[in-house]
Asker: 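This is the structure I want to talk about, given as C-alpha cells.
A note on names: the letters A, B, ... follow the listed sequences, proteins ahead of strands, and every chain is numbered from 1.
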Amino acid sequence: MSLHMRKHLRSLLVCLKTKRGKQALKFDTATMPVIVLLKKPSAGNQPDIIPISQISSGKNHGHHSVEGRVVHKGPLVSSSNYHFILKGVIEEDNSKPEEKSSINIIMMGMLAKEFSQAVNIGDLVVASGFMVGKSPTARQDKRHVCNLMLSGDKALIHVCRHSPCDLPPPGQAEMKKPSPPPVVLTTPKYTYVKLRDLKAGQVFNVYGVVLFFKQPFKSRGTDFFSSLKITDQSEQKIRCTLFCSRMESHPQIFQSGDIVRLHRVKAQSFNDSLTLINTFGFSALTFDGTMDADTEPRSSSKTFHFTEEDRRTVTELRSWAASRNLVSQDLSIRLANAQPKMYFNLTCQLLAKAPIDATCTLLRVWDGTQCPHALLKVTVDANIIEGITSFSEEREKLIANVLVFDNHVQSTEHLKPGDFLRIFNVRAIPGSIKRPGLSSNQVEQSHHLSFHLHGGTTYGRGIRILPDNCPDVQELRRIMDVVHESIEINQPEVNDSVLWHAWNTPPQSPNKVNEASVGFTTERTCGHGLQPVSVSELKVCKPGGYHHVKAQLRSYEPLRLHRALKLFCSKCKSMQDVPDNRLVTKVFSDASNGASGLSNSPPWSLSGKVHLPGYLQAGGEGRTLNVHLSAQLVSEGRTKELIFLSGCTPDEACHLAATYANVIPVRPLPGDQLDFLDLTVPFLFRGSKRFYGCKQCSKGAVVREPKADGDKVLDEQNIAEVFGIQLLKFVMLLTFYLQDASGMLKVFLLREAEDFFNVSADEAATQQEAQDRITRTLNYFCPPEGRTSKRPWLDFCLAAYRTNADNNHQDYYQITNTRTREL
DNA sequence: GCTTAGGGTTCG
C-alpha cells in the first residue's frame with residue numbers, strides 16, 4: 001500500500017471517529033453501516049452481487065447486493081423522519097449503454113451521514129440490505145426505473161479500495177479529504193406524544209411503561225411477533241402489536257415495569273380501541289423501570305439517537321409509575337418461595353438441558369435458593385444431557401427441573417448451560433405426572449413439585465436470556481457465589497484445603513481455642529413480646545416492624561472476614577472498603593517519588609532527619625527520613641507527641657508510631673507548605689491504629705500547626721478537627737443467610753454488629769483476639785466442616801425495612817437486639 | 001409477499 005493511500009485512509013477513519021464522538025451516538029465497528037475495505041469482500045462474506053440491470057421492484061432482493069462506482073453524491077439533508085437523507089448515484093464499471101446500469105440510491109439515517117463523510121465520488125461501493133422502490137425521477141435522469149433505499153439495521157455499504165487506481169493521485173490526496181457536511185444541520189429532534197393523544201392512521205413516537213408483554217415468538221407469517229401493553233402519565237393503556245423479521249429488533253423487555261421507547265408506530269383502530277403497530281423504520285429502546293437503575297437503553301441497534309432529554313423522560317416515567325404502584329404484582333419469585341399450583345416467573349441459571357421428546361425439553365436450573373418442597377427427580381440418560389450431568393448431593397437440592405413444552409422447545413435450542421434465564425409463567429405442579437419418554441425408574445415421591453412451562457403464549461409464557469449486565473443477574477451471581485462457596489466448604493475433600501486455612505488464621509492464644517470448643521449461642525435483648533415466625537411467614541408480613549425468627553446460619557459473607565470491616569463517614573453516611581495494603585503502599589511510594597525532599601519547612605515547624613535501622617528495609621542499610629516537629633510542642637518538652645514524616649513507607653510510619661504518639665505522613669508542597677497524602681490512605685498512625693479521613697467531607701483540609709493548649713492530649717479527634725478532616729469510623733458489615741425449613745432469608749448485620757459479637761469494630765481492625773472471637777463465633781454457627789444438622793438453631797430479632805430508593809418492593813432485614821453469648 | 005396476531009393459564 002502506498003504511503004499516500006495509508007495517509008488518506010487514516011485521515012478518513014480519524015474523521016469518522018471524531019464525527020461520531022460529537023454526535024454522542026453508540027457505534028460498534030462490527031455493524032458500522034459504512035465499512036471501508038482495502039479489498040473487496042470475498043464472495044462468501046456477502047450476499048450475491050447482481051447486475052444493476054436485474055434490479056426489479058417485483059423481486060425479492062433480500063440476499064442481493066449491487067456494486068457500482070459513485071458518480072454522484074448529493075448533499076446531506078436533515079430530515080425530521082429519518083434524521084438524515086442523502087441521495088447518490090452508482091454506476092457499474094464497463095457498463096453497456098443499452099443497459100440501465102446506473103441507479104439512484106437513497107440513504108436514510110446514520111448511514112446517510114456516514115456515507116457523506118466516508119465516501120467520495122469515484123469510490124467503488126457494494127450496497128446490500130436495500131429495499132427497491134420506483135424511481136420518481138427515472139424519466140428525467142434516464143437512469144434505472146427503480147431506486148435503492150437503504151435504512152435500518154440491514155442496510156450496509158462497503159467501500160472498496162482494492163487497488164491504487166481507486167485512490168486519488170498523490171497531489172490530490174489532501175483535497176479529497178472528507179469535507180464537513182455541505183448543509184448546516186440542526187440537531188435531530190424526535191417528538192413523543194402521550195398515549196391519550198394518539199390519532200388513528202398516524203405514525204407516532206411514544207414512550208410507555210410496560211404493563212404486560214409477550215416475548216417475541218415466530219408467527220405463522222414471516223416475522224417474529226410480540227405484543228405489549230403500555231401506559232403513560234396520560235393514564236391511557238395502549239396495546240402494541242409488533243412484527244419484526246429479527247428477534248432482536250423487538251423491544252428487549254425483561255419484566256413488567258420496564259420502559260419502552262417506540263419510534264414510528266402507527267395508531268390503528270382494532271376492536272373499538274387504538275392499537276400501535278410498527279411501521280417502516282420502526283425502532284425500539286427499552287429501559288429498566290426501576291427508580292435509580294441505570295438509564296442505559298437496551299437496543300439491538302448500535303446507532304440510536306439518545307439524549308439527556310430521553311434520560312429525563314425515562315426518569316419521569318419511572319417516578320410516575322412508582323407513585324401509581326402500576327406494577328405491584330411482581331410474579332418473580334425464588335425457588336425458596338415456590339408453592340404448589342403457583343404460576344410465577346423464575347430467574348435462574350441454566351445448568352443442563354436435555355431433550356425428552358419432540359414436544360418436551362428438560363431444563364435443569366438453580367437460583368441459589370432451596371425450594372422447601374421435595375422436587376421432582378427426572379432421570380435422563382446422561383449422554384443426551386448438555387451441560388453438567390451430575391451434581392453433589394448438596395448441590396442437587398438446589399436444582400429445579402423445568403419441563404418445557406411445545407412451542408417453547410424451539411426457544412430452548414439456542415440456550416447454553418451457564419446462561420441466565422427468566423422463564424415466564426412457570427407452573428409449580430404438585431404430585432406425580434406421567435411424562436412421555438421418561439424411563440419408569442424415576443423416583444416417585446408422594447409430595448413433590450415439578451415445574452412446567454406449558455405450551456402457548458398466554459400470560460406471556462416464554463423464556464428469555466438475561467444479559468450479564470442485568471441487575472437481577474448480578475444479584476443472582478452474588479447469591480450463587482456465596483452458596484457455592486458455602487457448599488464447597490461443606491465438602492469434606494475441600495475442607496483441608498489451603499484456602500480454608502488461609503482464611504482462618506489460627507487463634508493466637510491456645511486457651512481461647514479450648515474455650516471456643518464450648519460454643520456460642522445468640523439471645524435477644526429486646527423486650528418485644530413477639531412469637532417467632534418462620535422465614536417464609538416473615539417474607540409475607542407487611543413491611544416494617546420487628547420480627548423474631550429461629551433459624552440456622554446457612555452461610556455468610558464476606559467469608560474473608562477482614563473484608564467485613566468498612567470505613568463509615570458519620571457526616572455523609574458513606575461506607576467504603578478499608579484500602580488494601582498494596583494500594584496504601586503505592587500511594588506512599590508515589591508521594592515519596594514525587595517529592596524532592598528539598599523544600600522549606602513551614603515556619604511553625606522544626607525540621608530534621610531521623611535515621612531508621614536497616615532491618616526495616618529488605619536488605620537495606622537503613623534510611624534517613626525528613627521529619628517535621630511542631631516548634632511549640634518541642635519548646636514545651638512534648639517532642640514525642642507528634643511527628644510529621646515525609647517520604648516514608650507505611651511500615652516506617654507504623655514503626656515510628658511506637659515512639660511517637662501521633663505520626664502523620666506528609667509530602668512537601670512548593671514553597672513552605674506541607675500536604676497530606678491522598679486521603680485514600682491513613683492520615684494518622686497512632687500506636688497500632690490507623691485513622692482515615694472522608695475524601696468527600698474533608699475538602700480543604702490543610703496541614704497546620706496543631707494546637708495543644710495546656711496539657712490537652714493530642715488524639716485523633718482533635719488532630720482531625722484542627723486539620724479539617726472528617727474522621728472515618730470503623731464499622732462491620734456482614735450478610736447472613738438464615739435458613740429454616742420454610743426457606744432462606746438474607747439479613748444484614750451492620751448497626752449492631754459490635755453488640756452482636758461483643759467486639760468493637762476498632763478492635764476487630766487491630767486486635768487478633770477480637771478477630772479470633774468473630775471467627776470462632778461464625779465457625780460455631782456455621783461449621784466449615786459441618787453438615788446442616790451441626791448448625792445450631794439461633795434466635796434473632798430482625799428489623800424489617802424498605803429503602804426509599806427502592807421501588808420493586810424488596811424488603812430488607814437487619815439483625816437488631818441480638819447478641820452472642822459463650823456457652 | 002405485504003401476512004403474521006390482536007393478552008387473560010394446562011395434554012404433559
Asker: Ignoring hydrogens and angles, answer whether the base of B:dT10 and the side-chain atoms of A:Arg427 contain a donor-acceptor pair closer than 3.5 Å.
Answerer: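 Indeed there is one.
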
Asker: Do A:Asn345 and A:Asn425 pair up side chain to side chain, a donor and an acceptor below 3.5 Å, judged on atom types alone?
Answerer: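 There is no such pair between these side chains.
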
Asker: So A:Asn271, base contact, sugar-phosphate only, or nothing? Heavy-atom distance under 4.0 Å.
Answerer: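 No contact.
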
Asker: Ring centres within less than 5.5 Å and planes less than 30° apart: is that true of A:Phe243 and B:dA5 in this structure?
Answerer: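 A:Phe243 ring does not meet the centre or angle cut-off for B:dA5; no stack.
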
Asker: Using the P atom as the reference point in each nucleotide, state the distance between B:dT10 and B:dG6 in Å, no decimals.
Answerer: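 It works out to 14 Å between them.
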
Asker: Touch check for A:Asn60, heavy atoms < 4.0 angstrom, all strands: base, sugar-phosphate only, or nothing?
Answerer: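 Result for A:Asn60 = nothing.
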
Asker: Distance check needed: B:dT4 C1' versus A:Phe224 CZ, whole Å only.
Answerer: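 It works out to 12 Å between those atoms.
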
Asker: Using whole Å, report how far CZ of A:Phe217 lies from P of B:dG7.
Answerer: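 My rounded result for the distance is 11 Å.
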
Asker: Please determine if A:Arg298 forms a cation-pi arrangement with A:Phe254, meaning its NZ or CZ atom is less than 6.0 Å from the six-membered ring centre and no more than 45° off the ring axis.
Answerer: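 Relative to the ring axis of A:Phe254, which defines the angle, A:Arg298 lies inside both limits.
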
Asker: If you go through the side-chain atoms of A:Arg220, does one of them form a donor-acceptor pair with the base of B:dG6 closer than 3.5 Å?
Answerer: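 A donor-acceptor contact between them is absent.
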
Asker: Could you tell me whether A:Asp310 and A:Arg261 have a side-chain N and a carboxylate O separated by less than 4.0 Å?
Answerer: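 Yes, this pair counts.
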
Asker: Can A:Asp472 and A:Arg422 be said to form a salt bridge (charged side-chain N to carboxylate O under 4.0 Å, His left out), step by step?
Answerer: CA-CA 10 Å; A:Asp472 293 327; A:Arg422 182 161 287 149; 2.7 Å; yes

Asker: Using whole Å, what does the distance between atom P of nucleotide B:dT9 and atom CG of A:Asp406 come to?
Answerer: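 Computing the A:Asp406:CG to B:dT9:P distance gives 17 Å.
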
Asker: Between A:Lys214 and B:dA5, is there a contact of a side-chain N or O with OP1 or OP2 at under 4.0 Å?
Answerer: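 No, outside the criterion.
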
Asker: Going by 5.5 Å between centroids and 30° between planes, is there a stack of A:Phe270 over B:dG6?
Answerer: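 According to the criterion (under 5.5 Å, under 30°), yes, A:Phe270 stacks.
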
Asker: Taking atom P of B:dT4 as reference, at what distance in whole Å does atom CG of A:Asn278 sit?
Answerer: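 For the pair A:Asn278 CG and B:dT4 P, the rounded distance is 15 Å.
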
Asker: What is the nucleic acid contact for A:Gly455, judged by heavy atoms within less than 4.0 Å: base, sugar-phosphate only, or nothing?
Answerer: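 Result for A:Gly455 = base.
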
Asker: Kindly label the base of B:dG8 as syn or anti, based on whether its glycosidic torsion lies within 90° of 0.
Answerer: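 In terms of base orientation relative to the sugar, B:dG8 is syn.
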
Asker: Looking at A:Arg239, I'd like to know whether one of its side-chain N or O atoms comes within less than 4.0 Å of OP1 or OP2 on B:dG7.
Answerer: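 For A:Arg239, the contact criterion (side-chain N or O under 4.0 Å from OP1 or OP2 of B:dG7) is met.
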
Asker: Taking ring-ring contact (aromatic ring centres under 6.0 Å, His included) as the criterion, tell me which of A:Phe344, A:Phe213, A:Tyr459, A:Phe217 meets it with A:Phe424.
Answerer: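 Filter result, single survivor: A:Phe213.
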
Asker: Please determine, for the side chain of A:Thr458, which listed nucleotide (B:dT10, B:dG8, B:dG7) has the closest atom?
Answerer: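 Nucleotide nearest to A:Thr458's side chain: B:dG8.
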
Asker: Round to a whole Å and report the spacing from CZ of A:Phe424 to C1' of B:dT10.
Answerer: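 After rounding, the reported distance stands at 20 Å.
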
Asker: B:dG8 phosphate, OP1 or OP2: any side-chain N/O from A:Lys229 under 4.0 angstrom?
Answerer: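 For B:dG8, neither OP1 nor OP2 has a side-chain N or O of A:Lys229 closer than 4.0 Å.
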
Asker: Please give, in whole Å, the distance from B:dG6 C1' to A:Ile230 CD1?
Answerer: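 From A:Ile230 CD1 to B:dG6 C1': 15 Å.
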
Asker: Using ring-ring contact (aromatic ring centres under 6.0 Å, His included) as the criterion, point out the one residue from A:Tyr207, A:Phe304, A:Tyr192, A:Phe282 that pairs with A:His263.
Answerer: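 Only match with A:His263 under ring-ring contact (aromatic ring centres under 6.0 Å, His included): A:Tyr192.
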
Asker: Taking CG from A:Asn345 and P from B:dT9, how many angstroms apart are they, rounded to a whole number?
Answerer: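 Nearest whole value for this atom pair: 16 Å.
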
Asker: To the nearest angstrom, how far is A:Ile429 atom CD1 from B:dC11 atom P?
Answerer: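 Roughly 10 Å, once rounded to whole Å.
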
Asker: Between A:Phe225 and B:dT4, do the rings stack, that is, sit under 5.5 Å apart with planes less than 30° off each other?
Answerer: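 No, aromatic ring not over the base.
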
